[in-house]
Amino acid sequence: MKMYIRVADYLQNARLTEGFTVQYLKWRDTKNKSSKFIVFRPNGGSILKANLGNEYYTLVDLVGAVNDIESIDNHVSAIADHIKNNPYSDRTGLIQVVGAIPAPVTTEDDRLVYRILVSCKFG
């Protein structure tokens with residue numbers, strides 16, 4: 001199974017995707033201003049070698065509802081805290097947030113977007 005899907009499963013099992021529309025590879029806006037999205041996609045990693053552990057990067061984009069500033073910010077912190085406090089999983093290996101929490105950006109319709117980079121050392 002692809003690592004970005006494993007990361008999604010890891011966060012879904014922790015109930016950290018509840019209230020979000022889960023998507024893969026790219027964000028597809030539903031035009032519902034109250035919808036929140038979480039998007040998982042691959043973002044490179046180490047050289048892949050047989051019979052060795054490899055490092056996989058996954059981008060986790062959190063897109064808030066329109067004018068939803070505080071709750072999306074709190075949710076990003078909750079995800080980072082969960083990964084920090086639960087760094088091992090059978091599905092992901094060692095999972096860590098890379099570079100802490102980045103500065104958010106804003107969409108044209110005033111949705112706050114955070115992009116968290118996650119590293120998984122697996123195999």
Side-chain angles (χ1 to χ4, degrees):
M1 180 181 290
K2 297 173 182 174
M3 187 55 73
Y4 66 94
I5 295 173
R6 291 174 183 237
V7 172
D9 290 347
Y10 167 84
L11 292 178
Q12 286 172 329
N13 289 340
R15 303 176 67 102
L16 288 167
T17 60
E18 289 182 359
F20 287 80
T21 299
V22 175
Q23 297 178 338
Y24 300 100
L25 301 176
K26 76 175 212 169
W27 175 43
R28 293 170 298 284
D29 193 359
T30 60
K31 306 298 181 191
N32 180 342
K33 294 182 184 279
S34 63
S35 291
K36 298 183 293 185
F37 304 87
I38 187 166
V39 184
F40 298 90
R41 54 195 167 126
N43 195 46
S46 67
I47 295 170
L48 299 178
K49 294 186 177 183
N51 302 318
L52 292 174
N54 298 290
E55 187 168 19
Y56 301 86
Y57 296 140
T58 298
L59 280 175
V60 181
D61 296 333
L62 286 95
V63 182
V66 172
N67 298 316
D68 174 27
I69 303 297
E70 191 170 327
S71 75
I72 194 72
D73 186 67
N74 290 338
H75 205 83
V76 168
S77 294
I79 287 174
D81 287 345
H82 177 75
I83 292 171
K84 180 175 59 176
N85 294 322
N86 301 279
Y88 294 98
S89 151
D90 290 342
R91 310 262 304 140
T92 62
L94 173 64
I95 184 169
Q96 298 174 305
V97 175
V98 178
I101 298 172
V105 297
T106 307
T107 64
E108 288 181 9
D109 61 348
D110 206 30
R111 292 177 185 268
L112 204 60
V113 180
Y114 280 94
R115 177 170 288 162
I116 302 171
L117 179 60
V118 175
S119 168
C120 296
K121 293 181 183 170
F122 185 77

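Just so you know, these numbers come straight off a predicted model, no measurement behind them. No hydrogens, no waters, no symmetry mates; every other heavy atom, side chains included, goes into these values.
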Please tell me whether [X] and [Y] are part of a single hydrophobic cluster in this structure, the criterion being side-chain heavy atoms less than 4.5 Å apart.
X	Y	answer
V66	L112	no
V76	V22	yes
L59	L25	no
L16	Y114	yes
L11	I5	yes

Pair T107, V113 - check side-chain contact (heavy atoms from CB on, under 4.5 Å), show working. CA-CA 7 Å; T107 64; V113 180; 3.7 Å; yes

Would D9 and R6 satisfy salt bridge (charged side-chain N to carboxylate O under 4.0 Å, His left out), going step by step from the backbone distance to the final call? CA-CA 5 Å; D9 290 347; R6 291 174 183 237; over 6 Å; no

D90 atom CG, over 12 foreign heavy atoms within 6.0 Å: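 12 or below, so no.
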
Whether over 12 other heavy atoms sit under 6.0 Å from R28 CZ: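 Count over threshold, so yes.
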
Do [X] and [Y] have side chains that get closer than 4.5 Å, going by heavy atoms?
X	Y	value
V60	R115	no
S35	T30	yes
L94	C120	no
V118	I83	yes
Y88	I95	no

Taking the six-membered ring of F122 as reference, does the NZ or CZ atom of R91 fall below 6.0 Å from its centre and within a 45° cone about the axis?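 Verdict for F122: no cation-pi partner in R91.
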
Any chance the side chains of S71 and D68 put a donor and an acceptor closer than 3.5 Å?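 Their side chains do contain a donor-acceptor pair, which is all the 3.5 Å distance test asks for.
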
Does the side chain of E55 pick up a donor-acceptor pair with the side chain of S119 at under 3.5 Å?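 Yes, side-chain donor-acceptor contact under 3.5 Å.
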
Is a side-chain donor or acceptor of T106 paired with a backbone partner of D110 at a separation under 3.5 angstrom?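 Not a single qualifying donor-acceptor pair exists.
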
Among residues at least two apart in sequence or on other chains, which ones pass side-chain hydrogen bond (donor to acceptor under 3.5 Å, both in side chains) with E70?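 Once residues adjacent in sequence are excluded, E70 has no partner under the side-chain hydrogen bond (donor to acceptor under 3.5 Å, both in side chains) criterion.
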
Apply side-chain hydrogen bond (donor to acceptor under 3.5 Å, both in side chains) to N86 and list each qualifying residue two or more places apart in sequence or on a separate chain.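 Once residues adjacent in sequence are excluded, the partners of N86 under the side-chain hydrogen bond (donor to acceptor under 3.5 Å, both in side chains) criterion are H82.
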
Contacts under 3.5 angstrom, residues 36-43 side chains, donor-acceptor by atom type, not counting sequence neighbours:
residue : atom : partner : partner atom : Å
R41     : NE   : D61     : OD2          : 3.2
R41     : NH2  : D61     : OD2          : 2.9

Let's go through S77 and I101 carefully: what are the C-alpha distance in whole Å and the side-chain angles of both, what is the deciding distance for side-chain contact (heavy atoms from CB on, under 4.5 Å) to 0.1 Å, and is it a yes or a no? CA-CA 8 Å; S77 294; I101 298 172; 4.0 Å; yes

Distance (rounded to the nearest 0.5 Å) between Y10 OH and I79 CD1: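 Between Y10 OH and I79 CD1, I get 10.0 Å after rounding to 0.5 Å.
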
Measure the spacing between CD of Q96 and NZ of K84 and express it to the nearest 0.5 Å.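 If I round to the nearest 0.5 Å, the distance is 12.5 Å.
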
Closest heavy-atom contact between K33 and R111?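 What the structure gives for the nearest pair is CA-NH2, 3.7 Å.
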
Could you report the tightest heavy-atom contact between A80 and V97, atom names first, then the distance?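 Closest approach of A80 to V97, heavy atoms only: CA-CG2, 4.1 Å.
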
